[in-house]
Structure formats: structure tokens, C-alpha cells
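This report concerns only the one structure given below.
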Amino acid sequence: MKNSSSYSSAALLAFLCLLFLSLPSPSFCAHPKCNSHDKKVLLKIKADLNNPYHLASWDPKVDCCEWYALECDRNTGRVIALTIFAGNISGQIPPAVGDLPYLQNLEFRKLTNLTGEIPSTVTKLVHLTFLRLSWNHLSGPVPSFLSQIKALTFLDLSFNNFTGSIPPSLSELPNLLALHLDRNRLTGNIPESFGNFAFGNSVPDIYLSHNMLTGTIPRSFGGLNFSLRIDLSRNKLEGDASFLFGKNKTVQFVDLSRNLFVFDLSKVEFSENLIYLDLNHNKIFGSLPQSFTNLGLQFFNVSYNRLCGQIPQGGKLQSFDLYPYFHNRCLCGAPLPACK
């Protein structure tokens, strides 16, 4: 038999529930319904994508803030995020996405049958901060009109079939923190204008790997202080890349591997912030600088270059096996065989 304290607790709970229900639309319980304009736009997007099963929850009889792959603002009910991920979806990005005026986050990712170009209507999304259109089969040029979306902090177009050159106008995005153009078919040079990122509020991390870029790194990059990462690997870039480094640089990850870079490594100064350095498969010469022993390297690879001399003893350099040093002209000393 339940004691009196249990009955008292139940009675109190019942009283509180009745009290809450009697209040006129309390703000802590009620949430605005999906905006009717946004709902019509979303149903147009669904139709343009051929009504995929992935969007089966997009039922016009249901409040669209309850639908899958959406997020609404809790105060206004306007759609602020559209994230369509890993579905069996065919077609092109519907131009109607530009008619969601409060959208902050737009993501079409891992939709292997999503083709075509990026619609220019995305420029109407003045509140958009996050744009990820990756792991699809999008094609055509990287649109220069993306530079009109000034609020962007993150732009990811990686793992697609984009061709042509990188639009110089992307450097006009003042708030950009990360730019992913890797794993495409881009050609031409890295725009000289990218050195102008320093005139914005930040210098974005730049990912340009696995393309067919040619020419030299713009000298203006030497004035940039990348906060975390720069990845230019697996292109056909050439010339000097040493100016990317320096004692006062904050960059932690640098990948220049599988290019045609030529410079004297022994004359380069490195920041103690550097923890990842990949220079393999280039034409870099000279010796390994003694300053490498001061770095807390977690990954290191200088294989397949033209380096010579004894590997400095100390720091992390002997914690790697021989493969990060393999196939150089005359490097020697642990972990390679002793110098003669």
C-alpha cells in the first residue's frame, strides 16, 4: 500500500499540470509552427528532387519543423538549417533553396546521384554561414558568385567533379574560417588574391589537395598566418614553398606532398606550433635543420626528395621509422643506417 507522502506528491504533480494547462500559451511550452512560406518552398524542393523516400517525413499535413533534415528557429519558426545527408537522391540542387530567407546552414552531402551545377539562387541566402556540398557528383566551375554570400564562415565543395580555375573572388569572403576545394578536377594557378585573406577578420584554413593545380604558390601567402591547416598536396605545384614557414607562424598542419616544390630545407625556420609536416615526393634539397628536434611532431614525412646529411638526434625525429626518411639522396643516421 502506498504511503501518504506518495499521494501528496501525486496530488502536487496533478495540481501543477492543471496550473500549467490553464496558462494562456506559456512561452516555455509553446513553440511557433513552421512558417507557411518556408513550408511551400520545402515542398517545392522535395518535388524537384523527385519526392525521394529520404524525405518521406515531409508530409504537408505535419508541421514542417517536425520534418527530418530540418531545423527551425525556436522563437520564429523560420527554417534555419537544411541538412540532407547520405540519401538515395537523384537530380540537381533545387534553385528553390534560395527562397528560404533565414537559412544559416545548407548541406547536401554524400548524395552520389546529385549532379549539375550550384544554382545562383544561393546568393539570396544573406544569413548563410555554413555551406557544405561535398561527396556528390556536382560539376561545372566553382561559381564566383559564392563570394556574394558575405556571412559564410565555412565553405566545403570537396569530393565532387568541379573543373576550371579557382575563382579569385573567394578571397572577398571576410568571415571565412575554412575553404575546402579538395578532391575535384581544378586546374590553373592558386589565385594571387588569396593573399588578401589577411585583410579580413581571419585567415581560413585552405584545402586544395587532389586537384591538377599548376604554377607557384603566390608570394602573398608568405604574409598569411594560417591558424590551423594548409593542404596543397597532390597537385602539380612547383617552385619555392619555404615562405609558408617561419618561427612566428601559428599553423599546425602543413601538407605539401606530391608536388614539384624545390627549395633548400636547411635554410627554413619552423614554428614550435607545427605538429604535422608532410613534404614527401617533391624535389626538396639540403639537410634537415637542427630546429626539427624542438618540434612536437606527431606526423612527419620527407621521403622521396633530394635531402642529404645526418638526421639530427633528439626530439621526435627518432620516434618515426625509416619510411618518413626513405628514398632521399644521402640522408643517414637513426632511424636510417649510420652515416659513413
Side-chain angles (χ1 to χ4, degrees), residues 158-159 180-184 190 205-217 221-222 224-340:
S158 62
F159 289 86
H180 292 257
L181 299 178
D182 45 309
R183 305 270 181 168
N184 280 288
I190 299 173
D205 296 323
I206 292 182
Y207 301 78
L208 302 179
S209 70
H210 293 77
N211 281 290
M212 295 178 283
L213 300 174
T214 54
T216 59
I217 300 175
F221 268 43
L224 299 180
N225 201 0
F226 296 94
S227 58
L228 182 62
R229 185 187 296 262
I230 179 170
D231 186 354
L232 307 179
S233 63
R234 293 179 181 265
N235 282 287
K236 299 177 182 179
L237 298 167
E238 59 188 17
D240 189 3
S242 63
F243 53 83
L244 294 176
F245 304 99
K247 267 192 172 181
N248 297 320
K249 298 288 188 178
T250 56
V251 67
Q252 298 180 38
F253 299 80
V254 178
D255 192 346
L256 305 178
S257 62
R258 294 183 180 269
N259 279 287
L260 303 168
F261 293 123
V262 182
F263 58 90
D264 185 346
L265 190 62
S266 62
K267 296 181 178 180
V268 182
E269 291 187 314
F270 292 89
S271 164
E272 293 185 10
N273 293 306
L274 194 64
I275 60 175
Y276 184 109
L277 179 63
D278 194 349
L279 302 176
N280 81 80
H281 285 83
N282 280 286
K283 299 179 180 180
I284 300 168
F285 60 94
S287 59
L288 298 183
Q290 184 67 33
S291 61
F292 273 161
T293 62
N294 299 324
L295 307 183
L297 292 167
Q298 297 176 10
F299 182 91
F300 179 71
N301 193 338
V302 293
S303 64
Y304 289 87
N305 278 289
R306 300 174 179 180
L307 299 168
C308 250
Q310 181 165 352
I311 297 172
Q313 302 296 298
K316 296 281 189 176
L317 294 181
Q318 278 67 51
S319 67
F320 303 104
D321 58 28
L322 61 88
Y323 293 104
Y325 303 98
F326 188 68
H327 211 286
N328 273 286
R329 182 166 289 167
C330 48
L331 273 184
C332 58
L336 293 177
C339 299
K340 295 179 181 179

Item to complete: Apply side chain to side chain contact (heavy atoms under 4.5 Å, CB included) to L307 and R329, showing your working.
Response: CA-CA 6 Å; L307 299 168; R329 182 166 289 167; over 6 Å; no
Practice prompt. Drop me the distance from H327's NE2 to H281's NE2, to the nearest 0.5 angstrom.
Written response: 8.0 Å
Item to complete: Taking D278 for its side chain and S257 for its backbone only, find out whether a donor-acceptor pair lies under 3.5 Å.
Response: no
Practice prompt. Please check if atom CG in N248 has more than 12 non-hydrogen atoms from other residues, nucleotides or ligands closer than 6.0 Å.
Written response: no
Worksheet item: Quick one: are L244 and V251 in side-chain contact, heavy atoms under 4.5 Å?
Response: no
Discussion item. Suppose we call two aromatic rings close when their centres sit under 6.0 Å apart. Are F270 and F292 close by that rule?
Written reply: yes
Discussion item. Among L213, L208, I206, which residue satisfies the side-chain contact (heavy atoms from CB on, under 4.5 Å) criterion with L181?
Written reply: L208
Discussion item. When you compare the side chain of I217 with that of F261, does any pair of heavy atoms fall below 4.5 Å?
Written reply: yes
Worksheet item: Does some side-chain heavy atom of D182 sit less than 4.5 Å from a side-chain heavy atom of D231?
Response: no
Item to complete: Have a look at I311 and tell me which of P335, C332, C339 forms a side-chain contact (heavy atoms from CB on, under 4.5 Å) with it.
Response: P335
Fill in: Flag side-chain contact, heavy atom, 4.5 Å: K283 against L260
yes
Worksheet item: Do you see a donor-acceptor pair shorter than 3.5 Å between the side chains of S303 and N280?
Response: no
Practice prompt. Give a yes or no answer on whether the side chain of N211 reaches the backbone of N235 with a donor-acceptor pair at less than 3.5 Å.
Written response: no
Fill in: Any L256 side-chain heavy atom under 4.5 Å of I284 side chain
no
Worksheet item: Looking at side-chain heavy atoms only, is the closest gap between N328 and C308 below 4.5 Å?
Response: no
Worksheet item: If you measure from CZ on F243 to CG on L224, what distance do you get to the nearest 0.5 Å?
Response: 10.0 Å
Worksheet entry | Heavy-atom closest contact (S242 atom, V268 atom, distance) | CB-CG2, 3.7 Å
Worksheet item: Can you find a pair of side-chain heavy atoms, one from F159 and one from N184, that are under 4.5 Å apart?
Response: no
Discussion item. Set out, in order, the CA-CA distance, both residues' side-chain angles and the distance that settles side chain to side chain contact (heavy atoms under 4.5 Å, CB included) for L317 and T293, then state yes or no.
Written reply: CA-CA 7 Å; L317 294 181; T293 62; 4.1 Å; yes
Fill in: Enclosure of E272 CD (heavy-atom neighbours >12, cutoff 6.0 Å)
no
Worksheet item: At what distance, to the nearest 0.5 angstrom, does SG of C330 lie from CZ of R306?
Response: 12.5 Å
Response to the item:
Scanning both residues in full, the closest heavy-atom pair of P312 with Q290 reads CB-OE1, 3.6 Å
Item to complete: Walk me through it: do R229 and Y207 pass the test side chain to side chain contact (heavy atoms under 4.5 Å, CB included)?
Response: CA-CA 8 Å; R229 185 187 296 262; Y207 301 78; 3.0 Å; yes
Item to complete: Examine distances only and state if a side-chain atom of N305 and a backbone atom of N282 form a donor-acceptor pair shorter than 3.5 Å.
Response: yes
Worksheet item: How many angstroms lie between CG in L336 and CD in Q318, if you round to the nearest 0.5 Å?
Response: 10.0 Å
Practice prompt. Over 60° means perpendicular and under 30° means parallel, so classify the ring planes of Y276 and F253, tilted if in between.
Written response: tilted
Worksheet item: If you draw a 6.0 Å radius around OH in Y323, do more than 12 non-hydrogen atoms from other residues or ligands fall strictly inside?
Response: no
Discussion item. For G333, is there any backbone N or O sitting under 3.5 Å from a side-chain donor or acceptor partner on Q310?
Written reply: no
Discussion item. Using side-chain hydrogen bond (donor to acceptor under 3.5 Å, both in side chains), reason through N273 and T250 one step at a time and then give a plain yes or no.
Written reply: CA-CA 6 Å; N273 293 306; T250 56; 5.9 Å; no
Practice prompt. With the side chain counted from C-beta on, respond yes when L288 and L265 share a heavy-atom pair under 4.5 Å apart, and no when they do not.
Written response: yes
Discussion item. Quick check on the 6.0 Å ring-centre criterion: do F300 and Y325 meet it?
Written reply: yes
Worksheet entry | L232 CG to R258 CZ distance, which is reported to the nearest 0.5 Å | 15.5 Å
